[in-house]
Amino acid sequence: MKKVLIVDPSKTFGHFLRYVLLRLGYNAAHVASADEGLAVIERSRPSLVTCEAHMGKIDGMEFCARVRERKYSPEIPVVMVSVDGTPETKLLARKAGCAEYLTKPVTFRTIHDLMERHLSFSHQRQHLRARMSLKVLVDDGSGEREMRSATMSEGGMYLCTDHPADEGSKLNIKLLLPGLKSPISLKGEVVYSLKTDSADIAAGMGVKFIGMDDGLINILRNYVESYLADFLPEPPEEK
């Protein structure tokens, strides 16, 4: 699973962004200072780092430059996510080696698209995808099996299984979403399979939904967006 480090003196924003990343299916950690951030990078090598431009004695530009110059981390993308949207600050960030600059506030869609631009995946994700564990009944022609989803979007899902179907296999899928009385019937095609667990994800298969009408697409899109937006915990008070 991809790891993201958030370096931001705001507990409120760090709490929010970590929640967003967890819901989108990433591991995420938050630290409040550049010194802490550099220590975490040296220790755990995150896949991507976000930071605020203004952070006390070491600002975002100096932090980004230090990440770039260290032999173990020059390839880690550092993205500035800041309340300061002035052209001057954005120019300084680019000169320091910042991969991209976003201005707060940010949304689930903003962060999803950011991850797609800067992280590598076994299969590129076009649609907003959320981490969710749902009961799924899958029939690949040899009989129906129960599986659990790891992530889902309006366009497809990742199913955890020790016996994934081969790439190109066609599947009949029954998906019971919370709140619905009867399961949704879907058709899918396996776009990639992982036979064994990896550091990022459990064994299973990525499935693309096929032959969907607008009604089904809207049901899944609305469910994913509602799932991501619901149950946002109260942020801690700023100190």
Undergrad: Would you please test Cys160 and Met147 for side-chain contact (heavy atoms from CB on, under 4.5 Å) and show each step?
TA: CA-CA 6 Å; Cys160 296; Met147 301 180 189; over 6 Å; no
Undergrad: Could you tell me which non-hydrogen atom of Pro77 sits nearest to which non-hydrogen atom of Ala99, and how far apart they are?
TA: CB-CB, 4.1 Å
Undergrad: Roughly how far apart are Met115 CE and Arg129 CZ, rounded to 0.5 Å?
TA: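 Between atom CE of Met115 and atom CZ of Arg129 there are 15.0 Å.
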Undergrad: Counting distance only, does the side-chain N/O of Tyr227 pair as donor-acceptor with the main-chain N or O of Arg131 below 3.5 Å?
TA: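 Side chain of Tyr227 to backbone of Arg131: a pair is present.
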Undergrad: Spell out, yes or no, whether Val79 and Val20 are grouped together once hydrophobic residues are joined by side-chain heavy atoms under 4.5 Å, including indirect joins.
TA: yes
Undergrad: Decide side-chain contact (heavy atoms from CB on, under 4.5 Å) for Arg70 and Leu38; before the verdict, give the C-alpha distance in whole Å, the side-chain angles of both, and the deciding distance to 0.1 Å.
TA: CA-CA 10 Å; Arg70 297 195 177 196; Leu38 292 169; 3.7 Å; yes
Undergrad: In this structure, which one of Ile6, Leu5, Ile41 forms a side chain to side chain contact (heavy atoms under 4.5 Å, CB included) with Val31?
TA: Leu5
Undergrad: Between CZ of Arg45 and CD of Glu75, what distance do you get to the nearest 0.5 Å?
TA: 13.0 Å
Undergrad: Counting N and O atoms only, with roles assigned by atom type, does the side chain of Glu42 sit under 3.5 Å from a partner on the main chain of Ala39, one being a donor and the other an acceptor?
TA: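 Between the backbone of Ala39 and the side chain of Glu42 there is no qualifying donor-acceptor contact (under 3.5 Å).
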Undergrad: Going by distance alone, is a donor N or O of one side chain under 3.5 Å from an acceptor N or O of the other, for Arg148 and Ser133?
TA: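 Result is yes, a qualifying pair exists.
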Undergrad: Kindly work out whether a path of hydrophobic side-chain contacts (I/L/V/M/F/W/Y, heavy atoms less than 4.5 Å apart) joins Ile184 to Ile210.
TA: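 Per the 4.5 Å side-chain linkage, Ile184 and Ile210 are not co-clustered.
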Undergrad: Would you say Ile201 and Leu194 make side-chain contact, with heavy atoms under 4.5 Å?
TA: yes
Undergrad: With rounding to the nearest 0.5 angstrom, report the CD to CG distance, Glu100 to Leu102.
TA: 5.0 Å
Undergrad: Distance from Ser193 atom OG to His163 atom NE2, nearest 0.5 Å?
TA: 13.0 Å
Undergrad: Locate the shortest heavy-atom distance separating Val224 from Glu154; write the atom from each residue and the value.
TA: CG2-N, 4.5 Å
Undergrad: Can you tell if the side chain of Thr50 reaches within under 4.5 Å of the side chain of Leu17, non-hydrogen atoms only?
TA: yes
Undergrad: State plainly whether one hydrophobic cluster holds both Leu177 and Leu228, where clusters connect Ile, Leu, Val, Met, Phe, Trp and Tyr through side-chain heavy atoms under 4.5 angstrom apart.
TA: yes
Undergrad: Begin from the C-alpha positions of Ile217 and Phe209 and carry the test side-chain contact (heavy atoms from CB on, under 4.5 Å) through to its verdict.
TA: CA-CA 10 Å; Ile217 293 172; Phe209 298 141; over 6 Å; no
Undergrad: Does Tyr192 use its side chain to pair, donor to acceptor, with the backbone of Met205 at less than 3.5 Å?
TA: no
Undergrad: Work out which heavy atom in Ser47 is nearest to a heavy atom in Lys2; give both atom names and the distance.
TA: OG-CA, 3.7 Å
Undergrad: Please test Ser169 against Asp166 for side-chain contact (heavy atoms from CB on, under 4.5 Å), starting from the C-alpha separation and ending with a verdict.
TA: CA-CA 6 Å; Ser169 298; Asp166 293 332; 3.9 Å; yes
Undergrad: Could you tell me if the side chain of Lys187 sits less than 4.5 Å from the side chain of Asn172, heavy atoms only?
TA: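 Yes. Closest side-chain heavy atoms under 4.5 Å.
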Undergrad: So that I can tick it off, tell me whether Glu62 and Arg66 are bridged by a salt bridge, with the cut-off set at under 4.0 angstrom between side-chain N and carboxylate O.
TA: yes
Undergrad: Could you tell me if the side chain of Phe63 sits less than 4.5 Å from the side chain of Asp35, heavy atoms only?
TA: no
Undergrad: With a 4.5 Å limit on heavy-atom distance, are the side chains of Lys104 and Asp84 in contact?
TA: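 In short, these two side chains do not touch, never coming nearer than 4.5 Å.
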Undergrad: Which heavy atom of Asp140 sits nearest a heavy atom of Ala165, and at what distance?
TA: OD2-CB, 4.2 Å
Undergrad: Taking the side chain as every heavy atom from C-beta outward, state whether Leu171 and Asp139 have any atom pair closer than 4.5 Å.
TA: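 When only atoms from C-beta onward are counted, Asp139 and Leu171 do not touch, as no gap falls below 4.5 Å.
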Undergrad: At what distance, to the nearest 0.5 angstrom, does OG of Ser149 lie from CE of Met157?
TA: 4.5 Å
Undergrad: State, yes or no, whether a side-chain contact exists between Leu128 and Leu24 at a heavy-atom distance under 4.5 Å.
TA: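 Yes. Closest side-chain heavy atoms under 4.5 Å.
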Undergrad: Should Val81 and Leu119 be regarded as members of a common hydrophobic cluster, given that ILVMFWY residues are connected when their side-chain heavy atoms come within less than 4.5 Å of each other, either directly or indirectly?
TA: yes
Undergrad: To the nearest 0.5 Å, what is the distance between CG (Asn27) and CG (Leu21)?
TA: 10.0 Å
Undergrad: Please answer whether the main-chain N or O of Ile76 pairs with a side-chain N or O of Ser73 as donor and acceptor at a distance below 3.5 Å.
TA: no
Undergrad: Provide the closest heavy-atom pair for Met212 versus Leu220 in the form atom of the first, atom of the second, distance.
TA: CE-CD1, 3.5 Å
Undergrad: Under a single-linkage definition using a 4.5 Å side-chain heavy-atom cutoff for Ile, Leu, Val, Met, Phe, Trp and Tyr, are Val7 and Leu92 assigned to the same hydrophobic cluster?
TA: no
Undergrad: Would you call Thr89 and Met61 a side-chain contact if the rule is heavy atoms closer than 4.5 Å?
TA: yes
Undergrad: Do Ser82 and Glu52 pair up side chain to side chain, a donor and an acceptor below 3.5 Å, judged on atom types alone?
TA: yes
Undergrad: State whether the side chain of Tyr223 and the backbone N or O of Asn218 hold a donor-acceptor pair below 3.5 Å, judged by distance alone.
TA: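 Not a single qualifying donor-acceptor pair exists.
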Undergrad: How close do Pro46 and Val40 get, heavy atom to heavy atom, and via which atoms?
TA: CD-O, 4.5 Å
Undergrad: Which is it for Lys195 and Asp162 under the salt bridge (charged side-chain N to carboxylate O under 4.0 Å, His left out) test, yes or no, and what are the steps along the way?
TA: CA-CA 7 Å; Lys195 304 295 185 182; Asp162 292 332; over 6 Å; no
Undergrad: Centre of Phe108's six-membered ring, under 6.0 Å away, within 45 degrees of the axis: is that where NZ or CZ of Arg23 sits?
TA: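 Ring-cation test returns no.
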Undergrad: Any side-chain to backbone donor/acceptor pair from Asp59 onto Met55? Under 3.5 Å, distance only.
TA: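 No; judged by distance alone, with no hydrogens or angles, the pair does not exist.
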